> 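Please read through the structure below; I'll follow up with questions.
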Amino acid sequence: MAARFAFWSTLTDPLIRQNPVTLQILGICSALAVTTSLATALTMAASLTVVITLAAGVISLIRRHIPDTIRLIVQIVIVASLVIVIDQILQAYFAEISRALSVFVALITTNCLVLGRTETFARHNAPGPAMVDAFGNGLGYSLVLIIIGSLRELFGKGELFGHNVLPLADSGGWFTPLSLMLLAPSAFFLLGGLVWVVRSIYPEQAEAPEFDATERRGAAE
Amino acid sequence: MTDLGALFLSASFAQNMPLSLFLGLCTFLALSKRPESAIGLGVAITGVMGVTVPLNQLIYTYVLAPGAWGWAGMPDLDLSYLALIAFIGVIAATVQLLEMLLDRFFPAIYAAFGVFLPLLTVQCAILAGSLFMVERRYTVAESAVFGVGSGVGFAVAVVMLSAVRKRLAYADLPAGLRGLGITFILAGLMSLGFSSFAQMAAQ
C-alpha cells in the first residue's frame, strides 16, 4: 500500500475491477437468493453495506486487543449483533420486505463478504481506511445485486419496483413474462453471464485452465 | 414415519440448499474443483448439520422461545431476538469440538478435512438450517431429519458439480468463462435439474 492512503482507489476498486462477487467469490449466496425483485435486492444491499461498514470500523478499532486464537468468534459476535439491530429495524419499519427477505437478513452474519473483508483488511488497518474499504466492497456487492435484481424483475414480471414497465400480453401489450427468470436457475445464468462480461472487459481476470495436460496424464496412470 | 421420510427427501432434493435456496454457495463453488475435496466437504457438512440443527431446536424451545421462561415466573420474556447469536455460538462450538475430537481420535480424517472444518462456522447453509427450523417450527425429530437431509442434499450437489467440473478439462472454453463463469452456468443447469424434484415432491 502506498505511504499515503489511497482513498479513491480503495473506494472505487471494489466496484468493478475488484468486485467482491464476480472476482473474489464472496457473498454469492445472498446475491442470488434475494434478487427476484429490485426492492428486496436494494434492501439487502443497503443492509449489507451498513453492516459491513460498521463491522469493519468496530473490528478495526479493537484490532490490537483481539487475541488471535479467538478472533473469528469475536468478529462473528460483533457482526451478529449489528445484524440483529438491522433485522429488528427492518421488522419494525419495513415489515413486508422483511418477510420477503425471510432468513436472508440474518444470514448476513455468515456472509463470507463481511468476514472476508474484516479478516483480510480491517484486521490490519486503521478504522478510517477499513471503513472506506468495507463501504467500497458493500457498494460493489450492491451494484451486482441491483443489476441482477432489475434484470430478473424486468424480464420475469415486466415490472420495476412493482410498477409495470413492459406492457404485458395479458393486458393488451406485447410482453410475455418469462417465469423462468423468477426461478433459481436464471440467477445462476445471469451471474455467470455477468462474470463473463466483466472478464471480457478485464481479460487479466480470466482464470488459467483448471487442469493442465500433465496433471491429467499423472492422474490417469 | 412417512412424514419424516418426505421431509428428508424434500430437504435433500426439492429444497436443495445450494441449488434451489442459494445457501452455502461460497464453499459450494470454491471447494468443488476436485471430487475428493468435495466428498470431504459433503461429509463434514452433513455431520455438522445433523448435530447443530436439533441442538439449536432444543435451545430455542427451552431457552429462547417466547414463554420458555414461564416456569420461572417470567411468561412474557421473549428472547427470540438472541437466536442468531446463540445459533452461531452453538455452531462455532460444535465445529471446534468436532475438530478437536477428530484431531485426537482420527488424525487421518482430520488431516483430510483440515481446511474445511473451521470454514464451516461461517457456512450459510448450516446457519440457515437452524433459522429455517425456527421459521417452520420443526420438532426435535423433524429438525434432526431436516439437518441430515439438507447436509446430504448439499453433499450430493457438491460432488456432482465437482465431477462435472473435472470433465470440463476437455472443453475449450472462452477465456472469460473459465473458472467462476462456467461454474455458475453449470450450477444453473443442475438447478434446472433439481427443480424437477420439486415437481415430484408436489405430487
Side-chain angles (χ1 to χ4, degrees), chain A residues 22-23 25-34 72-73 76-77 79-81 83-84 87-88 102-104 106-107 109-116 180 183-203 205-213 215-216 219, chain B residues 16 18-30 33-34 81-85 87-89 91-93 96 118-119 121-128 131-132 134-135 165-166 168-170 173-195:
Chain A
T22 60
L23 182 65
I25 329 192
L26 293 174
I28 297 166
C29 332
S30 49
L32 295 177
V34 299
L72 267 183
I73 297 203
I76 290 181
V77 170
V79 176
S81 326
V83 170
I84 290 180
D87 196 23
Q88 300 281 325
S102 142
V103 301
F104 286 99
L107 284 177
T109 322
T110 51
N111 194 308
C112 347
L113 178 53
V114 177
L115 277 179
L180 177 67
L183 297 177
S186 74
F188 283 113
F189 293 140
L190 280 177
L191 194 50
L194 196 64
V195 170
W196 193 3
V197 170
V198 171
R199 291 189 178 178
S200 309
I201 302 174
Y202 298 102
Q205 290 187 2
E207 289 171 41
E210 281 168 25
F211 301 93
D212 57 14
E215 185 190 21
R216 230 182 302 142
Chain B
N16 188 279
L19 291 174
S20 32
L21 299 173
F22 307 110
L23 292 167
L25 273 184
C26 310
T27 29
F28 182 65
L29 296 177
K33 282 191 179 152
R34 271 149 226 284
Y81 65 92
L82 285 180
L84 191 54
I85 286 195
F87 291 170
I88 281 278
I91 291 170
Q96 192 75 55
L119 273 180
T121 316
V122 288
Q123 234 273 0
C124 344
I126 294 175
L127 179 63
L131 293 169
F132 277 130
V134 170
E135 211 178 72
R165 279 182 81 172
K166 194 154 190 189
L168 278 182
Y170 302 102
L173 297 168
L177 263 184
R178 244 180 255 143
L180 188 58
I182 191 67
T183 313
F184 274 125
I185 293 175
L186 276 181
L189 290 171
M190 283 176 61
S191 169
L192 270 182
F194 273 73
S195 327

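From a predicted model like this one, the values you see are computed outputs, not experimental measurements. Within every chain, numbering begins at 1; the chains are lettered A, B, ... in the order of the sequence lines, protein sequences first and strands thereafter.
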> Identify which part of B:Ala92 has an atom lying under 4.5 Å from any heavy atom of chain A, answering side chain, backbone, both or neither.
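Interface part for B:Ala92: side chain.
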
> So what's closer than 4.5 Å to chain B heavy atoms on A:Ile76: side chain, backbone, both or neither?
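The side chain, not the backbone.
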
> So, for A:Ser81 and B:Ile85, which heavy atoms are closest and what is the spacing to 0.1 Å?
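In this case the closest contact between A:Ser81 and B:Ile85 is OG-CD1, 4.0 Å.
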
> Identify which part of B:Leu189 has an atom lying under 4.5 Å from any heavy atom of chain A, answering side chain, backbone, both or neither.
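For B:Leu189, heavy atoms of backbone and side chain both lie under 4.5 Å from chain A.
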
> Considering only heavy atoms, which portion of B:Ile88 lies under 4.5 Å from any heavy atom of chain A: side chain, backbone, both, or neither?
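When you check distances to chain A, only side chain atoms of B:Ile88 fall under 4.5 Å.
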
> Counting heavy-atom pairs closer than 4.5 Å to chain A, which one of B:Gly89, B:Ser191, B:Gly193 comes out on top?
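Highest number of heavy-atom pairs under 4.5 Å: B:Ser191.
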
> Would you check if B:Ile185 and A:Phe188 make a side-chain contact, meaning some heavy-atom pair closer than 4.5 Å?
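No, side chains not in contact.
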
> Looking at residues at least two apart in the chain, or sitting in another chain, which of them share a side chain to side chain contact (heavy atoms under 4.5 Å, CB included) with A:Ser200?
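Listed in chain order: A:Trp196.
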
